[in-house]
Amino acid sequence: MPELPEVETLRRGLSGALEGRRIVEAELLKPKIYEGLPGYSLADIVGATITAARRRAKYLILDLSNGLSLVIHLSLAGQIVVICPNGKKVAGGHPVPSYGSELPHRQTSVILRFDDGSILYLTDIRQFAHLWLAPTTEVMSIVPHERLGVEILSPEFSEAELRERLRQRPKAKLKPLLLDQSILAGLGNIYVDESLWEAGIHPLRTAGSLTDQETRRLYHAIRSVIDLALRRGVAQIVNGRAVVGATLPRIHGREASLCPRCGQPIEKMRVVGRGTYICRSCQKPP
DNA sequence: AACTACTCCTGGAGGC
DNA sequence: TGCCTCCAGGAGTAGT
């Protein structure tokens, strides 16, 4: 499930591989994914050059030289693979190559071809991903900017900021609160579990029940988990299970494994319909 | 405000 | 082997 570190890692890869490249062909194999504004079609991007790869929360934004931007949300299982002419591959989103090595896959939604021979495949086995095309100046109306909370990779995400946001929703349980993109932008199911485990806080605790010290621990846990994901490779989950041997996640998807900190068994529970993994010894219930 | 339920969708796992 | 059911989940919306 692509979360912020996965999207950011992909963005960096696309930035290196595609900036300055001109689109020579755009193929829409699954029209359902496309939600372009009225008056625009994917054909409008042909001939334009990619000038920048940006990101807001889990939205990936490709700016084009003709004043338009492609906005992509990979949702649950979206994957982007770029095959360069020298054989180099830039891939991200849903773990690669879990769709097999054959591209296009039958769930490939979009294929973009570039002037240097590079080919971009956007594939999504769940068909939940979204693609928009809009003038660059209107991108923030597509990305629900006003409804997105603070970027967890930005300087604005401070301990004081987290404390203030928790203070505004004192009765909310931490797991759904941290999943709420209008509070913090970028965390998803995996990294919420990882952060709460790192901080030693149970997902059903309410925001208002945290002590100052726990809030500080949670803040540093979120930062360190995201930093680790960006430095050491993103979390690898396939079909809800942690990939054997992966550095991350350390607790999510590892039911019946042992807590890396205390050695007690990791337990699975359901919180707001989401598979949630905890160590009952490190994360005391409310 | 806070929560639940439902929707979109496909593929993999497990039961028999 | 093969058919069936269940489950995974980001985000939006509707209802309580």
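Here is the naming used below: chain letters follow the sequence lines, and residue numbers restart at 1 for every chain. The structure presented is a predicted model; accordingly, all values stated were derived computationally and were not measured.
The minimum heavy-atom distance between A:Arg113 and A:Glu27, with the atom names listed, is NH2-OE1, 3.7 Å. In terms of heavy atoms, A:Asp193 sits closest to A:Thr276 at OD2-CA, 3.4 Å.
Atom pair A:Asp193:CG and C:dG10:P shows a separation of 10 Å (rounding to whole Å applied). Protein atom CG of A:Leu179 is 7 Å distant from nucleotide atom P of C:dG10, rounded to whole Å. Between the C1' atom of C:dC7 and the CZ atom of A:Arg270 lies a distance of 8 Å, rounded to the nearest Å. In this structure, A:Asp124 atom CG and B:dG11 atom C1' are separated by 12 Å, rounded to whole Å.
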Check your understanding: Along nucleotides 2-8 of chain B, 5' to 3', which nucleotides get a B, which get an S, and which get a -, given that the test is a protein heavy-atom distance under 4.0 Å?
Key -> SSS---B
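Closest to the A:Gln181 side chain, of the nucleotides C:dG9, B:dG11, C:dA11, is C:dA11. Distances were taken from every side-chain heavy atom of A:Ile125 (C-beta onward) to each of B:dG11, C:dA11, C:dG12; the shortest belongs to B:dG11. Closest approach to the A:Lys268 side chain among C:dG10, C:dA8, B:dG11 is made by C:dA8 (side chain taken as heavy atoms from C-beta onward).
Of the possible donor and acceptor atoms, one in the side chain of A:Glu194 sits under 3.5 Å from a partner among the backbone N and O of A:Ile251. Here the side chain of A:Gln283 pairs a donor or acceptor atom with the backbone of A:Cys279 at under 3.5 angstrom. The backbone N or O of A:Ile23 lies less than 3.5 Å from no partner atom in the side chain of A:Asp115, so there is not a single donor-acceptor pair.
Note on A:Glu214 versus A:Arg205: salt bridge recorded, some NZ/NE/NH1/NH2 to OD/OE distance being below 4.0 Å. A:Arg217 has no carboxylate O lying under 4.0 Å from a charged side-chain N of A:Glu198, or vice versa, which leaves the two without a salt bridge.
The residue A:Gly275 sits close only to the backbone: its heavy atoms come under 4.0 Å of sugar-phosphate atoms, none of a base.
With rounding to the nearest 0.5 Å, the separation of OH in A:Tyr59 from CD1 in A:Ile72 is 13.0 Å. Note that CZ of A:Arg223 and OG of A:Ser158 are 9.0 Å apart. Values are rounded to the nearest 0.5 Å.
Note that the two end axes of the helix from B:dA2-C:dT16 to B:dC16-C:dG2 enclose an angle of 50°, each drawn from 5 base pairs, rounded to 10 degrees.
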